[in-house]
A.B. asks: 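Below are the structure tokens for one structure; questions will follow.
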Amino acid sequence: MKRLASLVRVGLRSNFGLSLLRYRIFQQKKDLWLVPVMGLAVFGVGSLLYGYLSLIKGFYGILKAMGQEQALPGFVLLMGQFLILVFGLYYVISAFYFSRDLEMLIPLPLKPGEVLLSKFTVILVNEYLTMAPLVLPMLITFGALSKAGWGYWVNGLAVYLLLPVIPLCLVTALTIGLMRAVNLSRKKDVLIIVGSLVLIVLGFGFQVMVSRSMGADPDPQALAKMFASPDSILNRVGRNFPPSIWAAKALAGGFGRSGLLNLALLAAVSAAGFGAILVLARKLFYGGLVGVGEISGRKKPLTAREMSQRISSGRRPVKAVFLREWRVMNRTPIFLINGILTAFIIPLIFVIMATMGDRGGDGAFMLRALTSAGSPTTSILTAAAFMMVCGCLNGTSSSTFSREGKLFWMSRVIPVSPREQVRAKFYHSYLVTLLGIATSLAVLLIGLKLKPLHCLAGLGLALVGAVGLTAVGMTIDLARPLLEWTNPQKAIKQNLNVVFGMLADMGLLALVGYLLFRLSAAGVRPAGLVLIALAALAVLSGLGWRLLMGLAERRYQEIEV
Amino acid sequence: MIEISNVSKSYNKGKVKAVDDLSLVVKPGEIFGFLGPNGAGKTTTIKMIVGLLKPDSGKIAVNGLDTQTDALRCKALTTYVPDYPAVYERLTGLEYLNFIGDVYGVPKSDRLARIEKWLEVFELGGAVSNPIQSYSHGMKQKIVLMAALLPAPEVMVMDEPMVGLDPRAAFQLKELMREHCDQGQTLFFSTHIMEVAEKLCDRIGIINKGRLVACGTMAELKQMDRAETSLEDIFLELTEK
């Protein structure tokens, strides 16, 4: 037990970079700027939280009037568990199989179960933090509004602690099983990507299921049935994933019979899931793990002709850096899944949701409504915004320097100017953006049947705007690249620069949108609006490019590796 | 040629002085061995020469060019081998060598001839088209060394280049280092292997706590204290203080 506790402690410190951060802040006095930034972040989150709390309060009022208030925790807990399914997948794959500390842990006299348990605990802590902004405000607000007694608060704590266990066990079991199967094959990387895609599809299917169970228009009889008992909406919401119903009923029931029974059920299934993971760990974990880093290579020398064909010639630094970026990204599964595949997947998810029989997701509904609006200007601008969002929301540009990690030393010593290197990286990021734009263009043309002329005009705007958004994402990463990582997941999925990049892109698009809205309200003609949008995006791109290039020379000198 | 003039570098806002007023010159055609205990300032000095770290004060010049103000031209003359073989593991050995050839502008004919030669010397012919990820530690070290040799640089800077090499490869490397400098080029390297330093280097510098405590040919170092007979004894004596 002591050994496990020690393992968990080291895992947490390494996962959150606590030791490194403490050293940098207190010893090197380097990241002191992080302290006010964290304060600002708390302030920013505070304002978002206020909005979320108002929303919860509003929903509580509506549901309370119908006598269905239990549906609120049921829905939020279900969403929390869905979040865990999606994020858990990435956490599990990277922590169990791509983390470099495994090379150090495997030779230690530790049982596979202990290694897995320590990693599972670290992921669990990550999940508590991931779902905190979504679930905690609801738990507290709901308790306060319903004037809940002790039973609610005690059960609430237990529910919060148990909530991620079942979905995490599901993801872990699936991942361990998959990796064991994958490890039998030679093409591990390809299978990891395919496996991840299967899991993404499963997660997406789950969301569709929830959306359908929520959104289908009920007939009058079903509607009447829905209000027959206080938990009928709750049961409807959670029917595809009963643990969320048990959790909500445990909350509502407090120390009463129903509350304790549902809590016991949730705890028992969580414990059973946990036990199953331990058994799996013993049987499969090391089997799937040992050899993950192995790559079998052929030992056949190249012939003189082959060698001559494969040797490139001359000085072509921009092309060389571009090719390096392209190859490293495409051959690192975590980068590929999060970067290039996301550029394809986001537009596809939109089209599936938009073309589903019922209303689909809110975003998809809005997109369908806006692109099919009578006004060509609205269609063009919406199409452009959709293409830019789909092209830029993959984190490729805002992790371009971070992805180099400790190998950034190479970029510092090669005789290629920072401007040329940044230019090559820009071409790479822009190419990934173009993939997203091309997929979203296909979605608009085929899925939403947008007029080709409108698509073309939207494409023009998107191509111009994407230059600026790519440059802004790269600038954010260049300002503070995350180079200290041992797990590629951290460079892209757990990199704040990616979040900041997305927020900045969304903010800039919102700004341009607001400008156009005001101009439209002031009576500017539709054709004029498109031209103004083009000009605004061109200015944004010009400024973004200048900012990036200006920063390149300075930052490449400053970043010490 | 490398000229280091009054260079200082400290960490933690000046609390830890890694290199303290270091001055030395490495002449063309010279193999210069840089010795010192762990944490003495060897890697910091090397990183400042290749431009990975910026000196707090002082100046470093490569073939007369200031590494700070003429950084790009200095980099075109210099190659660097770090103290661990950190390379793009997802590239094949040949893709990595091509990358280096492309950024240093090595013509195709030279590139082909050199790569074929080093592949034979380091016995990497069978692995060069495989991903570097599949290489052993020693093989990675060999591909990094090949990449550093490929541009035939005026100045080579190596941080403990022998680590991880088998005896045959270490012997080949020493031969290559000598050959490189016999053509008038400069080599600056750090090592913990006294025997290598003693036999291979034209001159040796010993650094301790950031300060250069001795510098000269083997004969000059021995003259410093007649009682000392080997480089190891001299090293132990000088770094004990």
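Every value quoted in this text rests on a predicted model; they were computed, and no experiment measured them. In what follows, every chain begins at residue 1, and chains take the letters A, B, ... in the order their sequences are listed.
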A.B. asks: Mark yes when over 12 heavy atoms from residues, nucleotides or ligands other than B/Lys54 sit less than 6.0 Å from its NZ; otherwise mark no.
C.D. replies: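 Not more than 12 within 6.0 Å, no.
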A.B. asks: Which heavy atom in A/Ala304 sits nearest to a heavy atom in B/Glu116, and how many Å separate them?
C.D. replies: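 For A/Ala304 versus B/Glu116, the nearest heavy atoms are CA-OE2, 4.4 Å.
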A.B. asks: Under 4.5 Å heavy-atom distance to chain A, tell me which part of B/Ile115 shows up: side chain, backbone, both or neither.
C.D. replies: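 Contact with chain A involves the side chain of B/Ile115 alone.
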A.B. asks: What do you reckon, is CZ of B/Arg73 surrounded by more than 12 foreign heavy atoms closer than 6.0 Å?
C.D. replies: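 Not more than 12 within 6.0 Å, no.
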A.B. asks: If I take atom OG from residue A/Ser312 and atom CD from residue B/Glu95, how far apart are they, to the nearest 0.5 angstrom?
C.D. replies: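 Rounded to the nearest 0.5 Å, the OG-CD separation comes to 10.0 Å.
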A.B. asks: Can you tell me which portion of B/Tyr135 sits under 4.5 Å from chain A's heavy atoms? Options are side chain, backbone, both or neither.
C.D. replies: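 Neither part.
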A.B. asks: Shortest non-hydrogen contact from B/Val87 to A/Met410?
C.D. replies: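 Scanning both residues, the minimum pair turns out to be CA-CE, 4.0 Å.
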A.B. asks: Below 4.5 Å from any heavy atom of chain A, which atoms of B/Val103 appear? Answer side chain, backbone, both or neither.
C.D. replies: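 Both parts, backbone and side chain.
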A.B. asks: Sort B/Leu94 into side chain, backbone, both or neither according to what part of it lies under 4.5 angstrom from a heavy atom of chain A.
C.D. replies: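 Only the side chain of B/Leu94 comes within 4.5 Å of chain A.
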A.B. asks: Search all heavy atoms of B/Asp102 against all heavy atoms of A/Ala320 and return the closest pair with its distance.
C.D. replies: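 It is CB-CB, 3.5 Å.
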A.B. asks: Name the region of B/Leu119, side chain, backbone, both or neither, that has any atom closer than 4.5 Å to a heavy atom of chain A.
C.D. replies: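 When you check distances to chain A, only side chain atoms of B/Leu119 fall under 4.5 Å.
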A.B. asks: Which atoms form the tightest heavy-atom contact between A/Gln557 and B/Ala71, and what is the distance?
C.D. replies: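 Taking A/Gln557 first and B/Ala71 second, the nearest heavy atoms are NE2-CB, 4.4 Å.
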A.B. asks: Top residue by heavy-atom pair count (under 4.5 Å) with chain A, among B/Tyr80, B/Tyr88, B/Tyr96?
C.D. replies: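 Heavy-atom pair counts peak at B/Tyr88.
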A.B. asks: Measure across B/Leu91 and A/Arg331 and return the closest heavy-atom pair with its distance rounded to 0.1 Å.
C.D. replies: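 Here B/Leu91 and A/Arg331 meet closest at CA-NH1, 3.7 Å.
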A.B. asks: Is there any residue in residues 414-427 of chain A with a non-hydrogen atom under 4.5 Å from a non-hydrogen atom of chain B, and which ones are they?
C.D. replies: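 Within residues 414-427 of chain A, near chain B: A/Ile414, A/Pro415, A/Val416, A/Ser417.
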A.B. asks: I'd like to know whether A/Arg310 forms a side-chain contact (heavy atoms from CB on, under 4.5 Å) with B/Ser129, so could you lay out the CA-CA distance, the side-chain angles of the two residues, the decisive distance to 0.1 Å, and finally the verdict.
C.D. replies: CA-CA 10 Å; A/Arg310 292 200 198 178; B/Ser129 54; 3.4 Å; yes
A.B. asks: What part of A/Val318 gets within 4.5 angstrom of chain B, counting heavy atoms only: side chain, backbone, both, or neither?
C.D. replies: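 For A/Val318, no heavy atom lies under 4.5 Å from chain B.
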A.B. asks: Is there any residue in residues 400-407 of chain A with a non-hydrogen atom under 4.5 Å from a non-hydrogen atom of chain B, and which ones are they?
C.D. replies: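 Within residues 400-407 of chain A, the residues that come under 4.5 Å of chain B (heavy atoms only) are A/Glu404, A/Lys406, A/Leu407.
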A.B. asks: If you count heavy-atom pairs under 4.5 Å with chain A, which of B/Asp110, B/Asn98, B/Ile100, B/Val16 comes out on top?
C.D. replies: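 Ranked by heavy-atom pairs under 4.5 Å with chain A, first place is B/Asn98.
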A.B. asks: For atom NZ of B/Lys174, is the number of surrounding heavy atoms from other residues, nucleotides or ligands below 6.0 Å larger than 12?
C.D. replies: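 Result for NZ/B/Lys174: enclosed.
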A.B. asks: Other residues, nucleotides and ligands only: do more than 12 of their heavy atoms fall within 6.0 Å of CD on B/Glu120?
C.D. replies: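 At most 12 heavy atoms, drawn from other residues, nucleotides or ligands, come within 6.0 Å of this atom.
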A.B. asks: Please check: side-chain N/O of B/Arg90 versus main-chain N/O of A/Arg327, any donor-acceptor pairing under 3.5 Å?
C.D. replies: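 Answer holds: no.
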